[in-house]
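Taking it in order: structure first as structure tokens, then the write-up.
The figures that follow rest on heavy atoms only: side chains count, while hydrogens, waters and symmetry mates do not. In what follows, every chain begins at residue 1, and chains take the letters A, B, ... in the order their sequences are listed. In this text the structure is predicted, and so the values were computed from the model without any measurement.
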Amino acid sequence: MHQNHQERLSHGAELYPLGEQAVVVKLGDQINPGIHNKVMQLAEHLAEHPLPGMVEAVPAYTTVTVYFDSAAVYRYWRKSAARSMSEGTADSTPGGAANAGASGEMGAVMSPYRTVCQWLRSRLDSLGLDREARRRTVEIPVCYGGEYGPDLEFVARHNGLDAEEVIRIHTAGEYLVYMIGFTPGFPYLGGLSARIAAPRLEKPRFKVPGGSVGIAGRQTGIYPLTAPGGWRLIGRTPLSLFTPALDPPCLLRPGDAVTFKAISREEYERLREERPWG
Amino acid sequence: MGLKIVKAGLLTTVQDLGRFGYQKYGVPVGGAMDEFALRTANILAGNDECSPVLEMTMDGPVVAFQQDALIAVCGGDLAPSLDGIPLPMWRPVWIKRGSVLSFGRAVHGCRAYLAIAGGFSVPPVMNSRSTHLYAAFGGYEGRELRAGDVLPAGEPSPSAKKWMDLLRAIADQQHKQAGALESGKMQSVSWAVSGTFRPRYALTGRAVVRVFAGREYGLFDPAAREAFFHYPFIVLPQSDRMGYRLRGPVLQRGELPEMISETVTMGTVQVPPDGQPLILMADRQTTGGYPRIAQAAAVDLPVLAQLKPGDTVQFQEISFAEAEALLLAREESMRLMKQAVKMVMERMRSDVLD
């Protein structure tokens with residue numbers, strides 16, 4: 001068995017399947033803002049101009065995964081094939097030459113995966129992905145240390161700093177939301193200063209309260225929901241990162257820039273009270 | 001009015017085809033574990049294929065009907081019975097108001113699906129009525145069902161109404177002929193969705209699941225790749241709607257480059273550092289960072305959905321093109337099945353009512 005259907009195209013992109021009904025478009029091999037900017041531009045383009053039969057396009061660090069409905073792509077292809085047949089145009093079917101000679105029977109020759117790949121190839125050829133993607137900046141208030149940040153002292157000691165310096169460095173940075181994953185609304189943030197990096201806990205906590213702000217290696221993140229977790233907790237935000245009743249349900253979105261602001265315990269309590277959805 | 005839960009069973013939730021469009025926010029797709037059984041049950045109850053149904057697990061619930069209903073039960077055999085009489089599966093059944101339907105322990109498979117004409121009426125959250133247990137939203141108040149809950153049913157489709165009238169008329173006729181004073185509590189049809197249309201469910205608990213190479217397949221040692229296809233893996237008790245943990249030969253990996261997390265999907269087989277594979281199921285996370293040795297063919301996901309702890313799975317290698325062709329063929333056969341159900345119900349109607 002070997003890797004199936006791998007291709008290289010414009011923007012150094014690579015296409016490969018994730019299941020029968022998803023194409024992964026890989027735009028690089030490294031976690032960095034430049035590659036992620038391309039990821040976001042492609043994801044936003046596809047959200048605004050979806051492919052026929054597309055279900056959703058999901059950005060991650062270096063990839064955009066395009067989920068589609070095989071049967072819907074097939075039906076679309078058959079309709080266009082019938083149209084081009086009656087118009088006498090030879091190769092205007094979406095599958096193009098890849099599907100030449102396909103009979104009307106579903107699954108005989110036509111491949112929805114190959115058809116979606118072909119559509120993506122032509123999109124990639126015509127798109128310049130070097131424009132700076134639209135970016136929002138979201139400020140997250142955090143009450144650092146104490147009960148809300150039980151590992152703040154550890155992070156300080158580990159880096160030969162005092163707690164105030166850790167807070168100063170953490171709040172001085174601007175962070176990029178590379179992707180949302182792990183739990184609904186959990187942002188993977190890049191841009192943490194190496195000066196406050198810290199290893200994960202050896203034994204993960206059984207319950208990390210929702211809103212906790214943590215550090216793991218060179219990453220920082222925020223737990224939207226109470227969950228088990230091994231990140232070092234340095235503070236907590238009163239904001240709700242995930243609210244199922246809202247659309248979109250998340251405070252943060254991939255591509256956002258995030259800054260942190262230190263707040264007092266009193267301010268934390270006040271903002272927590274003001275939260276509309278509990 | 002609707003369906004009252006008398007006894008909850010081990011894990012009974014409202015599920016539909018899943019929540020799409022929100023994976024970019026880290027929201028799992030969720031939905032029925034056995035998509036085939038969900039869609040088929042809905043077709044048989046005259047619903048849209050994606051209507052919300054009850055997913056029942058291993059030890060089923062007891063439910064009371066507060067209204068006449070057209071239902072279908074598909075998937076694993078959780079020994080459904082109505083007042084002690086076995087309820088036939090994989091076909092439309094009319095149920096009289098006041099009847100009590102009991103499910104028991106799984107005889108075959110793990111999960112059964114109960115569809116009701118009109119679907120279960122719960123509010124959509126992010127365009128889906130599926131219950132997401134972990135973050136507690138969707139379905140019935142974001143949780144599994146408990147005794148005392150009442151699930152209202154929606155408005156049946158025009159064809160479901162016709163089918164209900166038909167089955168009620170048959171029940172009346174038969175009981176008049178038998179000289180009974182009151183008609184029966186259920187009436188089914190004499191046909192069912194044939195086993196040849198259904199997935200290759202493993203009735204013995206020993207499943208064969210077809211897979212194609214995952215993205216990181218090539219990074220595993222040749223011996224690991226061979227072992228993966230050679231030995232059966234046991235489904236461990238720590239398996240749930242998020243994923244199945246398997247035990248079998250340890251799958252050694254060569255020196256791995258640092259993995260950058262990417263999207264994962266249902267049926268993705270990941271191998272964590274301990275070398276024991278993990279199959280992602282309906283409530284999986286949207287992204288993952290473990291190497292993906294294989295991807296289960298979509299047509300065999302229902303087979304996986306019906307496995308319970310202690311069952312085994314043997315992986316069988318196919319190509320991506322074969323997996324895709326199998327999926328398209330399955331979709332075509334579902335389309336035909338839907339037409340056939342409509343046709344046969346129409347024919348019964350003209351036979352009985354004319």
Side-chain angles (χ1 to χ4, degrees), chain A residues 1-5 16-22 24 26 28-31 43 47 55-65 67 69-71 74 105-114 178-188 224-225 227 242 244-245 247-250 252-254, chain B residues 20-29 125-127 132 134-138 142 211-215 217-218 225 229 257-258 260-268 285-289 292 294-299 301 317-321 323-332 334-335:
Chain A
M1 206 149 83
H2 57 279
Q3 288 301 324
N4 294 297
H5 305 283
Y16 49 91
L18 172 74
E20 296 90 332
Q21 306 192 86
V24 181
K26 186 169 188 176
D29 286 318
Q30 277 164 10
I31 299 179
V55 174
E56 57 188 311
V58 183
Y61 281 112
T62 60
T63 57
V64 178
T65 302
Y67 291 88
D69 174 345
S70 288
Y74 172 78
E105 195 185 330
M106 197 157 163
V109 175
M110 188 272 176
S111 159
Y113 172 77
R114 287 208 308 266
Y178 277 103
M179 63 175 192
I180 314 271
F182 174 52
T183 71
F186 186 99
Y188 286 86
L225 308 164
F242 179 71
D247 197 357
C250 293
L252 299 175
R253 301 173 210 167
Chain B
F20 296 96
Y22 294 88
Q23 289 193 83
K24 61 173 172 282
Y25 301 124
V27 178
V29 173
V125 178
M126 290 174 245
N127 300 330
H132 181 67
Y134 179 69
F137 63 85
V211 300
F212 56 90
R215 173 74 175 158
Y217 177 74
R225 287 183 249 165
F229 289 110
E258 178 95 17
I260 298 175
S261 287
E262 275 183 32
T263 46
V264 288
T265 192
M266 188 157 171
T268 301
Q285 294 177 194
T286 53
T287 56
R292 297 157 291 185
Q295 174 67 40
V299 292
L301 294 176
E317 174 187 343
I318 60 172
S319 68
F320 175 81
E324 195 182 32
L326 284 168
L327 176 61
L328 286 181
R330 204 257 329 247
E331 289 306 306
E332 179 66 3
M334 286 212 82
R335 198 177 62 80

Self-check item: Listed partners of A/Ala60 passing side chain to side chain contact (heavy atoms under 4.5 Å, CB included), at least two apart
Solution: A/Thr63, A/Met179
Nearest non-hydrogen partners of [X] and [Y], listed with the distance:
X: A/Ser70; Y: B/Leu327; value: OG-CD2, 3.7 Å
X: A/Pro59; Y: B/Lys24; value: CD-CB, 3.7 Å
X: B/Glu324; Y: A/Ser111; value: OE1-OG, 2.7 Å

Quiz item: Between A/Leu252, A/Asp247, A/Ile180, which residue shows the highest count of heavy-atom pairs closer than 4.5 Å to chain B?
Solution: A/Ile180
Quiz prompt | Residue selection (most heavy-atom pairs with chain B, distance under 4.5 Å) from A/Ala47, A/Pro254, A/Pro248 | solution = A/Pro248
Self-check item: Between A/Tyr113 and B/Phe320, ring centroids under 6.0 Å
Solution: yes
Practice problem: Under the salt bridge (charged side-chain N to carboxylate O under 4.0 Å, His left out) rule, collect the residues that match up with A/Arg253, sequence neighbours excluded. | Solution: none
Quiz item: Looking at B/Phe137, B/Tyr22, B/Tyr134, B/Tyr25, which hits ring pair (Phe, Tyr, Trp, His ring centres under 6.0 Å) with A/Phe242?
Solution: B/Phe137
Practice problem: Sort out for me which of B/Arg292, B/Glu262, B/Met266 touches chain A most, counting heavy-atom pairs under 4.5 Å. | Solution: B/Glu262
Quiz item: Highest number of heavy-atom pairs under 4.5 Å with chain A: which of B/Ser261, B/Ala136, B/Gly267, B/Ala135?
Solution: B/Ser261
Pick one of side chain, backbone, both or neither for [X], based on which atoms fall under 4.5 Å of a heavy atom in chain B.
X: A/Glu20; result: both
X: A/Pro224; result: neither
X: A/Leu225; result: side chain
X: A/Gln21; result: side chain
X: A/Ala227; result: both

Practice problem: Identify which one of B/Gln23, B/His132, B/Met126, B/Gln285 satisfies the side-chain contact (heavy atoms from CB on, under 4.5 Å) criterion when paired with A/Pro184. | Solution: B/His132
Do [X] and [Y] make a side-chain contact, defined as non-hydrogen atoms from C-beta onward lying under 4.5 Å apart?
X: B/Arg215; Y: A/Val24; answer: no
X: A/Tyr67; Y: B/Val29; answer: no
X: B/Thr286; Y: A/Val58; answer: no

Quiz item: When rounded to the nearest 0.5 angstrom, what distance separates CD1 in B/Ile260 from NZ in A/Lys26?
Solution: 6.5 Å
Practice problem: Let me know if B/Ala297 has heavy atoms under 4.5 Å from chain A in its side chain, its backbone, both or neither. | Solution: both
